[in-house]
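The structure appears right after this line, and notes come after that.
The structure presented is a predicted model; accordingly, all values stated were derived computationally and were not measured. Residue numbering restarts at 1 for every chain, and letters A, B, ... go by the order of the sequence lines.
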Amino acid sequence: MDKFVTYTSVVIPMDRANVDTDMILPKQFLKSIKRTGFGPNLFDGLRYEDVGIPDADSSHRPIRKDFVLNLPRYKNGKILLVRENFGSGSSREHAPWAIKGFGIDTIIAPSFADIFFNNSFKNGILLITLSDIDVDTIFKEIEAEVGYQLTIDLENQKIIKNSGKTITFKVDQFKKTCLLEGLDDISLTLQHKQEIQDFEKTYKKKNPWLFK
Amino acid sequence: MSERIGKTLYDKLWDAHVVREDDEGTALIYIDRQLLHEVTSPQAFEGLRMAKRKPWRIDANLATLDHNVPTTEYKTVEDILDPISRIQVQTLGMNTAEFGITVFGIGDVRQGIVHVVGPEEGATLPGMTLVCGDSHTATHGALAALAHGVGTSEVEHVLATQCLIQKKMKNMLVRVEGTLQAGVTPKDVVLALIGKIGTAGANGHAMQFKGLVIREMSIEGRMTICNMAIEAGARVGLTGIDEKTIEYVKNKPFAPKGDNWEKAVASWRELKTDDNAYFDKVVEMDGSLIEPQVSWGTTPEMVTSISGIIPDPKNEKNPVKASGIMRALEYMGLEANMAIKDIPVQYVFIGSCTNARIEDFRAAARILKGQKISSLVEQALAVPGSGLVKKQAEKEGLDKVFIDAGFEWRNPGCSMCLAMNDDKLPEGKHCASTSNRNFEGRQGAGGRTHLVSPEMAAAAAIAGHFVDVREILNG
């Protein structure tokens with residue numbers, strides 16, 4: 001996984017609450033055997049006028065011009081701003097795969113659904129929980145200023161505005177370390193390889209029938 | 001004298017598998033067995049390949065096909081008509097071959113639903129930690145194993161490290177005392193429990209079942225109740241060890257043999273909750289009062305007894321619940337205050353990881369013997385949970401009972417439980433189903449699922465609507 005470095009980006013405002021994982025990536029894409037390639041189908045039902053087909057080329061499909069991801073002013077945005085309970089519904093890890101595949105690295109919301117929260121961090125996406133008021137303020141600032149950007153500084157747990165104002169945020173220390181060091185859970189666990197091997201040795205002596 | 005608080009079975013299983021634990025309670029737990037199937041494993045194998053990692057312990061993994069396979073006659077993977085399903089099935093074959101993992105593929109008599117196959121092969125053993133990329137992994141807790149579902153990233157994590165990053169859950173006790181009436185089954189016990197505590201009633205807890213009803217229950221019955229612990233929000237369901245557990249495991253292909261068997265049994269005898277153990281939550285039920293259950297709505301907690309009526313949203317004070325009932329009744333095409341016995345049944349499905357073991361087919365066959373399904377029933381499926389269950393049933397002549405009654409006797413797989421294969425419940429049709437989830441569209445877009453026991457499904461098949469199986473058994 002890439003290390004999560006401080007970056008500045010345009011913010012995409014999606015003014016919606018209770019966005020569920022079926023909206024993020026519709027079910028017809030779940031039979032894929034890959035974890036990549038879902039980016040073009042992120043928010044498929046909201047983004048395109050026709051119904052998406054798995055593995056089909058989406059580059060020439062008719063788009064819904066008014067959908068926020070299709071507006072030129074938010075092009076190449078890597079930060080998504082949404083309302084409460086983002087990511088509810090099914091546990092599909094395909095939802096964060098699609099978000100990451102599209103190029104979004106940070107999502108800011110007043111709250112997130114549990115399973116989606118864990119699945120996102122496992123895929124290098126930073127989820128920032130802010131108060132309703134802070135989220136609302138950013139929505140208004142985006143509307144007022146074309147090209148509005150935010151800087152995400154995970155190390156110091158700060159969001160920095162162009163005006164110089166900052167908002168601090170909380171994050172689980174274990175998850176923070178994983179993102180900053182670019183460690184997926186597996187790399188981190190493998191730092192304890194020796195401990196696992198030692199455990200296994202003792203455990204095998206006690207439970208030999210569990211080993212071939 | 002200091003008072004020592006005892007340990008629950010879950011505490012003991014957890015403690016025996018902690019590799020390390022940090023100050024915030026994040027622990028590395030050693031995993032003894034991972035079961036794999038075609039839907040949630042492809043991306044995990046792809047991840048291993050991309051990172052150039054090898055599985056930590058190949059012998060800890062076992063794979064089978066279940067979600068996507070047809071249940072009609074088929075010989076090779078080419079016979080799977082849906083091209084995307086076919087690719088998932090082929091991919092499991094390629095991945096297991098590449099990494100040297102044992103797989104029960106097409107044509108293997110051991111192939112079947114992952115949660116039927118594991119215990120049947122002795123791949124699930126008491127005292128184990130066991131995971132699978134499927135929420136119904138709770139099933140295996142019936143053998144006093146710590147078992148739960150995981151996401152695809154976690155499947156990969158276990159493949160690569162033999163461990164899982166976990167925080168410990170809380171302990172919940174469900175005690176069911178008394179004696180079940182004839183015609184009341186483990187499925188009814190767990191449905192009644194979910195009706196009582198709700199689908200989020202056990203969130204964050206490992207759920208252990210105790211009491212006379214559980215002690216008297218067969219191992220397969222215990223699997224049925226542990227299977228549906230997740231439907232009450234508990235990722236883990238558990239029952240303690242007893243002679244039945246040991247007898248069940250004995251001589252299974254993957255079970256220990258010889259000296260190892262004696263050693264294993266001695267260690268397994270400790271796998272029960274101490275008398276003075278602490279539970280964060282306790283639920284008591286009187287088994288003798290439980291009636292056969294039928295779900296009427298679109299979550300498993302929307303369930304009542306066969307003698308009951310469909311609730312009226314007007315009587316529900318909680319506005320969120322009232323609107324939930326209204327939405328469910330609209331989807332199900334049912335009216336408030338209607339008797340459960342008046343719900344028509346056009347489809348019957350006996351199968352799934354909840355109820356597709358040999359005892360389930362024996363029980364349903366007892367009701368069906370010498371009977372015919374109603375002309376109102378358009379399709380009735382009997383789908384054994386594995387090739388071995390099917391073989392055993394055929395040896396006992398059960399297939400003939402089902403076929404003579406008008407059922408289709410199928411090949412093993414997840415089948416109509418989840419509509420990822422050719423077996424789908426059509427829109428608007430009511431199905432008496434022995435599966436575990438009655439969500440909107442679960443068995444097919446627009447399909448209307450009613451969760452019941454195998455006996456109740458068989459009785460509904462004969463009548464064309466729900467009936468009280470106790471009345472049939474009592475003549």
Side-chain angles (χ1 to χ4, degrees), chain A residues 1 22 27-38 53-55 89-97 114-116 118-124 172-175 177-178 184-200 202-212, chain B residues 16-20 22 24 26 28 30 32-33 38-48 50-51 53 56-60 68 82 84-85 87-88 90-92 95 125 127-128 135 149 151-154 156-157 159-165 255-257 259-261 263-264 267 420 441:
Chain A
M1 222 155 65
D22 214 315
K27 60 182 165 293
Q28 65 263 39
F29 302 104
L30 297 193
K31 279 195 176 185
S32 167
I33 54 164
K34 299 177 188 155
R35 72 170 80 202
T36 52
F38 297 108
I53 303 163
D55 292 335
S90 124
S91 67
R92 64 190 66 165
E93 209 163 306
H94 307 67
W97 291 340
D114 278 2
I115 300 176
F116 176 79
N118 279 320
N119 282 346
S120 293
F121 276 91
K122 281 187 198 302
N123 289 282
D172 179 272
Q173 286 307 304
F174 175 76
K175 291 187 166 73
T177 310
C178 283
D184 54 289
D185 285 359
I186 295 177
S187 319
L188 203 70
T189 297
L190 288 176
Q191 291 181 352
H192 305 294
K193 193 172 175 181
Q194 190 60 48
E195 276 173 89
I196 302 171
Q197 284 170 339
D198 292 346
F199 174 91
E200 198 170 49
T202 317
Y203 186 76
K204 190 175 175 177
K205 261 183 208 155
K206 267 177 84 177
N207 308 278
W209 59 90
L210 294 175
F211 294 77
K212 247 189 187 164
Chain B
H17 291 87
V18 175
V19 174
R20 69 187 311 275
D22 71 16
E24 288 176 21
T26 303
L28 265 189
Y30 189 81
D32 296 312
R33 172 76 67 206
E38 76 276 17
V39 179
T40 53
S41 68
Q43 293 91 349
F45 282 112
E46 193 202 25
L48 273 193
M50 279 162 58
R53 289 180 177 128
W56 183 281
R57 253 185 71 197
I58 290 162
D59 67 320
N68 278 279
D82 177 354
I84 307 178
S85 288
I87 289 169
Q88 272 197 342
Q90 284 169 329
T91 304
L92 184 72
N95 283 330
L125 293 173
M128 266 186 170
S135 63
T152 297
S153 286
E154 290 172 315
E156 183 184 342
H157 192 280
L159 278 170
T161 70
Q162 214 51 51
C163 292
L164 203 58
I165 300 169
K257 308 277 177 333
D259 273 2
N260 268 343
W261 172 255
K263 266 191 233 169
S267 110
M420 269 190 84

Worksheet item: Side chain, backbone, both or neither: which part of A/Lys206 has a non-hydrogen atom closer than 4.5 Å to chain B?
Response: neither

Item to complete: Could you go through the side-chain hydrogen bond (donor to acceptor under 3.5 Å, both in side chains) check for A/Thr189 and B/Arg20 one step at a time?
Response: CA-CA 10 Å; A/Thr189 297; B/Arg20 69 187 311 275; over 6 Å; no

Practice prompt. Side chain from CB out, backbone as N, CA, C, O: work out which of these in B/Asn68 comes under 4.5 Å of a heavy atom of chain A, or both, or neither.
Written response: side chain

Worksheet item: So, B/Gln43 and A/Trp97: side-chain donor and acceptor under 3.5 Å apart, yes or no?
Response: no

Worksheet, complete the sentence: Residues at least two apart in sequence or cross-chain that pass salt bridge (charged side-chain N to carboxylate O under 4.0 Å, His left out) with B/Arg33, listed by chain then number, are none

Worksheet item: Checking B/Thr91 against chain A: side chain, backbone, both or neither under 4.5 Å from a heavy atom?
Response: side chain

Practice prompt. State, with a plain yes or no, whether a side-chain heavy atom of A/Ile33 is found less than 4.5 Å away from one of B/Glu46.
Written response: no

Worksheet item: Does the distance from a Lys or Arg side-chain N to an Asp or Glu carboxylate O, for A/Lys122 and B/Glu156, drop under 4.0 Å?
Response: no

Item to complete: Select one option (side chain, backbone, both, neither) describing which atoms of B/Val19 are under 4.5 Å from chain A's heavy atoms.
Response: both

Worksheet item: For atom CD1 of A/Ile53, is the number of surrounding heavy atoms from other residues, nucleotides or ligands below 6.0 Å larger than 12?
Response: no

Worksheet item: Could you give the distance from CD (A/Glu200) to SG (B/Cys163), rounded to the nearest 0.5 Å?
Response: 8.0 Å

Item to complete: Please state whether the side chain, the backbone, both or neither of B/Ser153 comes within less than 4.5 Å of a heavy atom of chain A.
Response: both

Worksheet item: More than 12 heavy atoms of other residues, nucleotides or ligands under 6.0 Å from NZ of B/Lys257: is that the case?
Response: yes

Practice prompt. Mind checking the CD1-CZ spacing from B/Ile84 to A/Phe29? Nearest 0.5 Å is all I need.
Written response: 10.0 Å

Fill in: Side chain, backbone, both or neither of A/Thr202 within contact of chain B (heavy atoms, under 4.5 Å)
neither

Item to complete: Could you check which of B/Gln88, B/Glu154, B/Glu24 has the highest count of heavy-atom pairs closer than 4.5 Å to chain A?
Response: B/Gln88

Discussion item. Check whether A/Glu93 reaches the backbone of B/Gly151 with its side chain - one donor and one acceptor, N or O, closer than 3.5 Å.
Written reply: no

Worksheet item: Atom CG of B/Leu48 and atom CD1 of A/Ile186: how far apart are they, to the nearest 0.5 Å?
Response: 6.5 Å

Discussion item. Going by the rule ring-ring contact (aromatic ring centres under 6.0 Å, His included), which residues pair with A/Tyr203 if we only count those two or more places apart in sequence or in a different chain?
Written reply: A/Phe199, B/His17, B/Tyr30

Practice prompt. Can you tell which part of A/Asp172 gets under 4.5 Å to a heavy atom of chain B, answering side chain, backbone, both or neither?
Written response: side chain

Worksheet item: Just wondering, are more than 12 heavy atoms of other shown residues or ligands nearer than 6.0 Å to CG in B/Asp22?
Response: yes

Worksheet item: Would you say A/Ser187 and B/Arg53 make side-chain contact, with heavy atoms under 4.5 Å?
Response: yes

Practice prompt. Indicate the atoms forming the closest heavy-atom contact of B/Thr152 with A/Arg35, along with that distance.
Written response: CG2-NH2, 4.5 Å

Worksheet entry | Interchain contact, B/Ala16 with chain A, by part (heavy-atom threshold 4.5 Å) | backbone

Response to the item:
Applying a strict 4.5 Å limit to non-hydrogen atoms, the region of B/Asp259 in contact with chain A is neither

Worksheet item: So which part of B/Trp56 gets closer than 4.5 Å to some heavy atom of chain A, the side chain, the backbone, both or neither?
Response: side chain

Discussion item. Could you check whether B/Asp59 pairs with A/Lys204 (Lys NZ or Arg NE/NH1/NH2 to Asp/Glu carboxylate O, under 4.0 Å)?
Written reply: no

Worksheet item: Which value, rounded to the nearest 0.5 Å, describes the distance between B/Ile165 atom CD1 and A/His192 atom NE2?
Response: 8.0 Å

